[in-house]
Protein chains: 2
Amino acid sequence: MLKSTYSWTKCPLVASAPMLNIAMAPLAVSVSAAGGLGFLAAGFDVSNLEKNLEDAVSLVKQSSGAMRQAYDATGILPIGVGFINWGADLTRSIAAIQKYRPCAVWLFGPTAQPDDLVPWVDQVRNGTSGETQIWVQVGTVGEAVAVAETLRPDVLVVQGSDAGGHGLAQSASILTLVPEVRDALRERNMTRIAILAAGGIVDGRGIAAALALGAVGGVMGTRFLASAEANIARGYQKEVLRVSDGGISTVRSTVYDRVRGIGGWPRRYDGRGVINESYHDAAERGMDDAENRRLYQEELKKGDAGWGPQGRMTTYAGTGVGLVREILPASTIVANTLAEARDTIQGITID
Amino acid sequence: MLKSTYSWTKCPLVASAPMLNIAMAPLAVSVSAAGGLGFLAAGFDVSNLEKNLEDAVSLVKQSSGAMRQAYDATGILPIGVGFINWGADLTRSIAAIQKYRPCAVWLFGPTAQPDDLVPWVDQVRNGTSGETQIWVQVGTVGEAVAVAETLRPDVLVVQGSDAGGHGLAQSASILTLVPEVRDALRERNMTRIAILAAGGIVDGRGIAAALALGAVGGVMGTRFLASAEANIARGYQKEVLRVSDGGISTVRSTVYDRVRGIGGWPRRYDGRGVINESYHDAAERGMDDAENRRLYQEELKKGDAGWGPQGRMTTYAGTGVGLVREILPASTIVANTLAEARDTIQGITID
């Protein structure tokens with residue numbers, strides 16, 4: 001279904017998440033060039049969006065292969081753009097979308113879900129004659145149904161509790177969330193809307209599981225933190241490789257926003273990150289935010305050494321962080337994931 | 001691998017969880033008779049264990065088919081027994097195991113993991129000449145490795161965060177936990193130990209996902225709450241059918257133990273149940289446990305009416321509770337799950 005829209009992509013669809021400050025043009029374009037669908041992070045402050053899209057155009061024009069051919073044939077930029085909608089400026093965003101025509105926008109984190117997204121969906125559709133598809137991230141069955149009925153998106157990104165970074169403070173994993181959303185869409189004759197699973201998918205086994213659950217593909221974030229193209233501090237990346245057993249070494253909390261002074265997230269969200277001193281101080285030692293923030297500012301001066309078990313720099317990562325063991329080019333990650341997904345499905349024996 | 005031990009079972013292995021007070025002989029034997037592996041709940045108070053095993057023997061002797069033939073050929077009781085090890089009495093349990101020879105014991109919740117299980121494993125193995133296999137439940141990679149190295153179980157039951165009832169307060173879902181445990185066993189040349197996935201598996205899609213992740217089968221609990229053979233109050237069962245969107249309608253908490261005066265669980269555990277008045281009072285209204293317990297005792301008098309959104313009776317259930325929509329015979333649940341798992345795997349298309 002999506003393959004006809006994103007002609008350069010392989011089946012199943014492997015997308016890279018629009019990780020704030022990390023998923024810039026090099027990562028997004030590399031993922032798409034490998035037959036996946038890369039997302040550029042626009043985040044909540046879109047002042048650099050045009051420049052980043054310009055970078056993406058340059059990189060696409062330097063490439064060859066199916067993705068480049070699709071771009072030449074259609075003029076549609078073969079990457080998506082991810083917005084954090086409680087902060088992103090609509091007018092400025094629409095101008096950039098109209099100018100660069102990304103193949104998709106991924107909407108996430110509006111103050112009011114789904115109402116605040118109505119003008120976004122209308123203006124993206126009208127401004128691009130429908131060429132830019134609408135992806136909307138949800139984290140509960142209730143959100144999925146409300147978004148589907150109100151916005152009629154092309155894709156629902158169904159994010160479960162294992163995800164790194166921001167998501168709903170309360171949710172199921174995709175294990176139960178994706179099938180229940182799938183059933184809810186079927187009951188409402190809305191199976192035209194594709195489901196992409198996000199949260200806890202780190203390799204081909206996770207993609208195969210997502211397909212079994214009813215998704216047409218999966219989104220990976222944490223895995224691409226350890227890609228050569230990620231715009232990420234070495235200290236952060238090293239920490240991603242070090243950490244294992246993500247169910248207990250990471251935690252969902254708002255402390256990582258608080259120490260960095262990010263106050264815009266609606267109350268229903270928090271973020272999953274590796275447990276560090278900021279968390280210990282806030283959750284176990286009763287430290288107030290002002291002091292915790294001051295210590296974070298001090299830690300900033302250490303650079304890469306500020307990450308790690310005794311550090312204070314934030315390592316957003318999902319529970320699958322222990323499955324990430326080496327830094328690889330994004331193209332290798334996409335290729336390995338697709339090959340492993342295929343082998344996994346073919347290797348399952350049933351009576 | 002397990003098929004050679006449990007000769008009557010179909011592949012993949014579908015097991016029913018030893019849910020305290022609910023998974024008695026009728027449910028366990030019905031699941032095994034349908035080609036699954038049913039577990040009888042012994043729990044933390046084993047004073048009725050012999051009687052329940054006697055019931056199981058009677059039911060097996062009333063049955064026909066592959067399970068009955070296996071029993072006649074080997075004398076091994078074709079169901080397992082699940083213990084809650086912080087409370088279960090070892091001497092009394094071993095006596096029952098030696099007398100009735102269940103095909104497996106499932107060990108869970110020792111005060112010290114894995115050390116407290118060493119005498120259990122030794123005595124079960126020695127007392128049954130190895131005929132009763134050892135299953136041990138874990139919820140982190142660290143636990144899995146420690147249990148594997150110390151106890152060399154036949155099966156690791158890897159339980160993720162979506163599970164209903166008791167489990168680790170902090171954990172990943174099986175989406176990342178099962179692959180990481182699988183890799184850890186492989187690195188240690190312990191792939192002889194089979195992995196059964198538990199937590200969030202409610203139908204054949206979940207079983208198919210578990211297989212993709214590296215398990216040889218899955219355990220279902222919540223799904224069997226709505227089986228005809230479950231020993232469960234009608235109010236509880238009705239509530240399981242009513243509730244949807246388990247990521248937000250259930251919560252992990254210790255309040256459901258506290259209101260019932262159950263104090264033995266080690267601190268690392270809590271339980272997932274449907275949010276009710278006990279939870280609201282404890283978590284949001286600052287009510288102390290004594291008052292909350294008194295209100296629970298009052299609610300008990302209402303019988304089945306004590307369950308429900310305004311009720312106080314505990315509805316332990318996993319995040320997949322919204323996928324449970326009708327009460328079915330356990331045999332139908334097993335058959336549907338196996339058929340759906342097969343269809344799911346065969347229906348996945350990859351380039």
Side-chain angles (χ1 to χ4, degrees), chain A residues 3 10-12 35 139-143 160-162 168 170-180 182-184 197 199-214 244-248 250-251 318-323 325 338 341-342 344-351, chain B residues 3 10-12 35 139-143 160-162 168 170-180 182-184 197 199-214 244-248 250-251 318-323 325 338 341-342 344-351:
Chain A
K3 169 89 181 167
K10 293 177 178 156
C11 173
T140 65
V141 181
E143 274 196 337
S161 54
D162 294 292
L168 292 180
Q170 293 291 330
S171 82
S173 83
I174 59 169
L175 200 76
T176 59
L177 191 52
V178 166
E180 196 173 344
R182 177 85 189 254
D183 291 351
I201 301 175
V202 190
D203 59 21
R205 294 173 288 187
I207 293 286
L211 299 179
L213 297 168
S244 62
D245 216 351
I248 46 171
T250 70
V251 69
T319 67
V321 64
L323 293 164
R325 295 165 188 132
L338 287 167
R342 191 178 308 115
T344 297
I345 297 296
Q346 290 171 352
I348 296 174
T349 48
I350 289 195
D351 267 354
Chain B
K3 170 88 180 165
K10 294 179 177 155
C11 173
T140 66
V141 182
E143 275 196 336
S161 53
D162 293 292
L168 292 179
Q170 293 291 329
S171 82
S173 82
I174 59 169
L175 201 76
T176 59
L177 191 54
V178 165
E180 197 173 344
R182 177 85 190 254
D183 291 351
I201 302 174
V202 190
D203 58 22
R205 293 173 289 188
I207 292 285
L211 299 179
L213 297 167
S244 62
D245 216 351
I248 45 170
T250 70
V251 70
T319 68
V321 64
L323 293 163
R325 295 165 188 131
L338 287 167
R342 190 179 308 115
T344 297
I345 298 296
Q346 290 172 352
I348 295 175
T349 49
I350 289 196
D351 266 354

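Excluded from the calculations below are hydrogen atoms, water molecules and symmetry mates; all remaining heavy atoms, backbone and side chain alike, are included. Within every chain, numbering begins at 1; the chains are lettered A, B, ... in the order of the sequence lines, protein sequences first and strands thereafter. It should be emphasised that the depicted structure is a prediction, and the values quoted were computed from it without experimental measurement.
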Exercise. Considering only heavy atoms, which portion of T140(A) lies under 4.5 Å from any heavy atom of chain B: side chain, backbone, both, or neither?
Worked result: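 Backbone plus side chain of T140(A), per the 4.5 Å heavy-atom cut-off to chain B.
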
Closer than 3.5 angstrom, by distance alone: can the side chain of [X] be matched with the main-chain N or O of [Y] as a donor-acceptor pair?
| X | Y | result |
| --- | --- | --- |
| D162(A) | T319(A) | no |
| E180(B) | D245(A) | yes |
| S161(A) | S173(A) | yes |

Exercise. Do L168(B) and E143(B) come within less than 4.5 Å of each other through their side chains, counting heavy atoms only?
Worked result: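 Yes; the side chains approach each other to less than 4.5 Å.
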
For this session: Find the one option among I174(B), V141(B), I207(B) whose heavy-atom pairs under 4.5 Å with chain A are most numerous.
Result: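 That would be V141(B).
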
For this session: May I ask you to name which of A210(B), A212(B), A208(B), G204(B) has the most heavy-atom pairs under 4.5 Å with chain A?
Result: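 Among the listed options, the one with the most contacts to chain A is A212(B).
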
Under a 4.5 Å cutoff for heavy-atom pairs, which residue among [options] has the most contacts with chain B?
| options | answer |
| --- | --- |
| I201(A), V251(A), I345(A), D203(A) | I345(A) |
| I248(A), V178(A), V321(A), V202(A) | I248(A) |
| L323(A), T349(A), L338(A) | L323(A) |
| L211(A), L177(A), T344(A), D183(A) | D183(A) |
| G206(A), G318(A), S171(A) | S171(A) |
| G142(A), P179(A), G214(A), S244(A) | P179(A) |

Exercise. A209(B) and L175(A): which non-hydrogen atoms are nearest, and at how many Å?
Worked result: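 Heavy atoms of A209(B) and L175(A) come nearest at CB-CD1, 4.1 Å.
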
Exercise. What's the shortest heavy-atom distance between T176(B) and A172(B), and which atoms?
Worked result: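 Residues T176(B) and A172(B), closest heavy atoms: OG1-CB, 3.3 Å.
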
Exercise. Rounded to the nearest 0.5 Å, how far apart are CZ of R342(B) and CD1 of I348(A)?
Worked result: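 Interatomic distance, R342(B) CZ to I348(A) CD1, rounded to 0.5 Å: 13.0 Å.
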
